[in-house]
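Heads up: the structure comes next, in structure tokens.
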Amino acid sequence: MKNPETGEPMTSCTIIVRDANALTRPIHDRMPVVLDKADIGRWLNGEAGSELLRPVAEDRLRMWPVSRRV
């Protein structure tokens, strides 16, 4: 990404979200996309598209209660 005022390269980050999977749906209706390791390079190199932006399988996540102070 380039700074529109200076044209200098900028470091940026985006969190892509989609509909929640069955595990996280009771907490929120959206969740971040989690890429498989095999797909990271393809995504970063622009060799893959939106087909990778799917909810992560429930068996790849773990949940446990935390304090509201978190």
Side-chain angles (χ1 to χ4, degrees):
M1 179 174 184
K2 292 185 180 182
N3 181 321
E5 295 175 7
T6 67
E8 294 291 317
M10 294 177 23
T11 301
S12 68
C13 174
T14 300
I15 298 175
I16 300 172
V17 297
R18 356 190 340 145
D19 297 337
N21 64 18
L23 180 68
T24 60
R25 196 171 298 121
I27 298 168
H28 200 277
D29 63 340
R30 307 288 286 169
M31 68 179 294
V33 170
V34 179
L35 295 178
D36 291 326
K37 277 187 177 183
D39 294 329
I40 293 172
R42 292 177 44 222
W43 175 259
L44 293 175
N45 292 329
E47 299 165 359
S50 61
E51 71 276 5
L52 299 182
L53 306 181
R54 57 190 177 270
V56 66
E58 288 86 4
D59 64 351
R60 292 198 47 212
L61 301 175
R62 294 183 300 163
M63 291 180 26
W64 55 90
V66 296
S67 166
R68 289 193 173 273
R69 296 185 309 175
V70 169

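The shown structure was predicted, so the numbers you read here are calculated from the model rather than taken from an experiment. Residue numbers start at 1 and run along the sequence shown.
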**Asked** Do the side chain of N45 and the main chain of G41 share a donor and acceptor less than 3.5 angstrom apart?
**Response** yes
**Asked** With no hydrogens and no angle check, is any side-chain donor or acceptor of R42 less than 3.5 Å from a backbone partner on E47?
**Response** no
**Message:** Assigning hydrophobic clusters by single linkage (Ile, Leu, Val, Met, Phe, Trp, Tyr; side-chain heavy-atom cutoff under 4.5 Å), is W43 placed with V34?
**Reply:** no
**Separation between CZ of R54 and CG of N21, rounded to the nearest 0.5 Å** = 12.5 Å
Distance-only donor-acceptor pairs under 3.5 Å for side chains of residues 55-70, two or more places apart:
| residue | atom | partner | partner atom | Å |
| --- | --- | --- | --- | --- |
| E58 | OE2 | A22 | N | 3.0 |
| R60 | NH1 | D36 | OD1 | 2.6 |
| S67 | OG | R69 | N | 3.0 |

Below 3.5 Å, can you tabulate the donor-acceptor pairs from side chains in residues 7-19 to any protein atom, sequence neighbours excluded?
| residue | atom | partner | partner atom | Å |
| --- | --- | --- | --- | --- |
| R18 | NE | L53 | O | 3.4 |
| R18 | NH1 | L53 | O | 2.7 |
| D19 | OD1 | R30 | NH1 | 2.9 |

